[in-house]
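Proteins get letters first, then strands, A, B, ... in listed order; numbering begins at 1 in each. Quick caveat, the model's predicted, so the values are computed rather than measured.
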There are 2 protein chains.
Amino acid sequence: MNDNTTEEESSASELPSGRLSDFAYSSIKEQLTRGVYKPGHKLPIRSVAEMLKVGATPAREAINRLVFEGALVMVGPKTVIVPHLDLAALYEATQMRLALEGLATERGTLCATNDVVDKLLALQEKITLSLDEKRYSDALHDNKEFHFTIYRLCEMPHLLSTIEALWLRVGAAFHDLYPEFAEAKYGVHNHLAAIEALVDKDPSAVRAAMENDIRDGYRRLKKAAQERLKRE
Amino acid sequence: MNDNTTEEESSASELPSGRLSDFAYSSIKEQLTRGVYKPGHKLPIRSVAEMLKVGATPAREAINRLVFEGALVMVGPKTVIVPHLDLAALYEATQMRLALEGLATERGTLCATNDVVDKLLALQEKITLSLDEKRYSDALHDNKEFHFTIYRLCEMPHLLSTIEALWLRVGAAFHDLYPEFAEAKYGVHNHLAAIEALVDKDPSAVRAAMENDIRDGYRRLKKAAQERLKRE
DNA sequence: TCATGATTTTTGTGATAACAAAATTATGAA
DNA sequence: TTCATAATTTTGTTATCACAAAAATCATGA
């Protein structure tokens with residue numbers, strides 16, 4: 001388990017290879033981060049099973065795992081849904097992100113090589129380009145890759161998978177307002193500051209930059225969520 | 001899911017009520033924290049199922065969940081075992097504990113009432129008494145309760161369950177050397193400092209005390225583990 | 001004694017069916 | 001309409017079985 005970390009995403013309907021439970025898990029997970037389902041959408045075992053063309057057992061296992069991770073929520077003994085916007089949950093996730101991603105950043109900084117810096121620079125360029133061309137989905141994807149390229153440096157596998165679960169949790173509940181969220185040149189300044197500090201091998205400076213990035217994202221997401229909630 | 005938080009432990013073989021998966025989960029979990037199994041002990045689905053007198057499905061689900069939480073480890077495609085002593089894992093868990101429990105402490109401090117302070121004082125007295133009478137198991141239990149009484153104050157449910165998973169992970173791998181670990185008046189000074197700072201409503205002071213407690217525990221556990229590893 | 005290959009046993013996975021409980025829909029009265 | 005209740009459908013849970021793959025055991029030869 002915990003093969004979360006280095007999976008390169010697969011664009012379309014991948015053929016089930018390996019354990020069907022894992023296939024079901026990553027399928028639902030991808031649909032969640034792509035915003036296929038609206039908040040409140042029900043995910044009954046049999047429907048998921050039929051959709052993915054697997055039996056009930058793998059579907060059940062995948063759903064349970066996602067509930068456990070917080071990417072889906074149980075609102076009744078027999079009803080699992082995609083989570084609604086929830087500012088308290090967003091706040092909690094953000095606080096945990098600051099603590100955990102801050103830790104990973106600081107610990108990883110000293111292990112950074114030139115390769116890493118190059119990769120980060122390349123990623124940042126891709127992000128900027130994607131934003132200019134309004135390909136928000138790509139921008140979000142590379143933004144995630146930027147963060148995790150740093151977090152992977154510290155070689156703490158469980159820390160990494162815990163952070164991934166947090167991203168998934170936020171992504172599941174807030175994906176549908178990512179477009180408006182991404183509008184404002186998301187995180188460019190913070191990313192560049194992080195890279196510079198990384199070159200200087202200054203752990204607390206890198207951490208500060210990343211924390212700023214997280215907080216900026218939180219503020220923007222919160223604002224978008226509040227406006228959305230007001231409108232409804 | 002995540003009914004982790006406020007379960008009062010049940011001393012003996014509880015009767016399966018509610019979902020059998022949950023029953024299996026808490027049974028194994030309790031056995032793990034009680035140190036019933038030596039590190040390296042295999043936990044095959046069918047054996048667990050037979051032991052708990054449930055079908056294979058609930059046993060499978062419980063085991064998978066514990067693997068996911070890190071309380072059990074997979075060492076092969078078909079073999080999960082109780083984890084061995086692993087100093088790197090202990091270090092990683094400690095770093096995460098410092099980040100997360102520090103967060104919970106700081107956030108909870110301002111919400112503390114007099115009731116809480118009284119409860120903490122009572123717990124600390126129980127701990128000291130248990131240690132004097134060499135009832136280490138009781139001391140460990142109340143020590144955990146002490147910590148979580150503080151962590152619960154911030155009302156961040158997912159943060160809490162993540163912390164619980166960390167305790168379980170450390171407990172599963174290191175339980176068998178808790179006696180030697182607990183010998184030295186574990187944490188008394190730090191706990192008292194935390195209580196005082198809590199009365200003063202000084203978040204960073206409470207956090208510092210709790211972090212000290214975590215670090216002291218880490219050092220002692222590490223030392224005991226190193227000696228154990230050398231002896232073998 | 002130890003390594004290596006073959007054989008047997010064990011084990012995880014996934015499909016399926018039965019059951020009880022929950023969720024939904026229909027019904028009826030105020 | 002609105003609310004409570006009854007009927008019906010949906011749904012999660014669990015046990016069981018078959019199968020393939022892994023693990024353990026045994027046999028063989030150096």
Residues two or more places apart in sequence or in another chain: which of them pass side-chain hydrogen bond (donor to acceptor under 3.5 Å, both in side chains) with [X]?
X       : result
D138(A) : R135(A)
E92(A)  : none
S21(A)  : E61(A)

With sequence neighbours left out, which residue pairs that include part of residues 102-111 of chain B fulfil the side-chain hydrogen bond (donor to acceptor under 3.5 Å, both in side chains) condition?
->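 Counting only pairs at least two positions apart or across chains, the side-chain hydrogen bond (donor to acceptor under 3.5 Å, both in side chains) contacts touching residues 102-111 of chain B are Y91(A)-R107(B), E106(B)-R207(B).
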
Pairs flagged by side-chain hydrogen bond (donor to acceptor under 3.5 Å, both in side chains) wherever residues 36-46 of chain A is involved - sequence neighbours left out |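 As it turns out, the side-chain hydrogen bond (donor to acceptor under 3.5 Å, both in side chains) pairs with a partner in residues 36-46 of chain A, which skip direct neighbours, are Q31(A)-Y37(A).
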
Pairwise N/O distances under 3.5 Å, protein to nucleotides 11-15 of chain C:
{"from": "dT11(C)", "atom 1": "O2", "to": "K78(B)", "atom 2": "NZ", "distance (Å)": "3.0"}
{"from": "dG12(C)", "atom 1": "OP1", "to": "I45(B)", "atom 2": "N", "distance (Å)": "3.3"}
{"from": "dG12(C)", "atom 1": "OP2", "to": "I45(B)", "atom 2": "N", "distance (Å)": "2.9"}
{"from": "dG12(C)", "atom 1": "N7", "to": "R46(B)", "atom 2": "NH1", "distance (Å)": "2.8"}
{"from": "dG12(C)", "atom 1": "O6", "to": "R46(B)", "atom 2": "NH2", "distance (Å)": "3.1"}
{"from": "dT13(C)", "atom 1": "OP1", "to": "R19(A)", "atom 2": "NH1", "distance (Å)": "2.4"}
{"from": "dT13(C)", "atom 1": "OP2", "to": "R60(B)", "atom 2": "NH1", "distance (Å)": "2.3"}
{"from": "dT13(C)", "atom 1": "O5'", "to": "R60(B)", "atom 2": "NH1", "distance (Å)": "3.4"}
{"from": "dG14(C)", "atom 1": "OP1", "to": "L20(A)", "atom 2": "N", "distance (Å)": "2.2"}
{"from": "dG14(C)", "atom 1": "OP2", "to": "S21(A)", "atom 2": "OG", "distance (Å)": "3.0"}
{"from": "dA15(C)", "atom 1": "OP1", "to": "G55(A)", "atom 2": "N", "distance (Å)": "3.1"}
{"from": "dA15(C)", "atom 1": "OP2", "to": "G55(A)", "atom 2": "N", "distance (Å)": "2.7"}
{"from": "dA15(C)", "atom 1": "N7", "to": "T57(A)", "atom 2": "OG1", "distance (Å)": "3.0"}

When the side chains of residues 70-84 of chain B are checked against the rest of the protein, which donor-acceptor pairs come out under 3.5 Å, sequence neighbours left out?
{"from": "T79(B)", "atom 1": "OG1", "to": "G76(B)", "atom 2": "N", "distance (Å)": "3.4"}

Nucleotide range of DNA chain D contacted by chain A, 5' to 3', under 4.0 Å to a heavy atom?
->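 It runs dT11(D) to dT14(D).
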
With A225(B) via side chain to side chain contact (heavy atoms under 4.5 Å, CB included) - residues at least two apart = L85(B), L87(B), F174(B), L177(B)

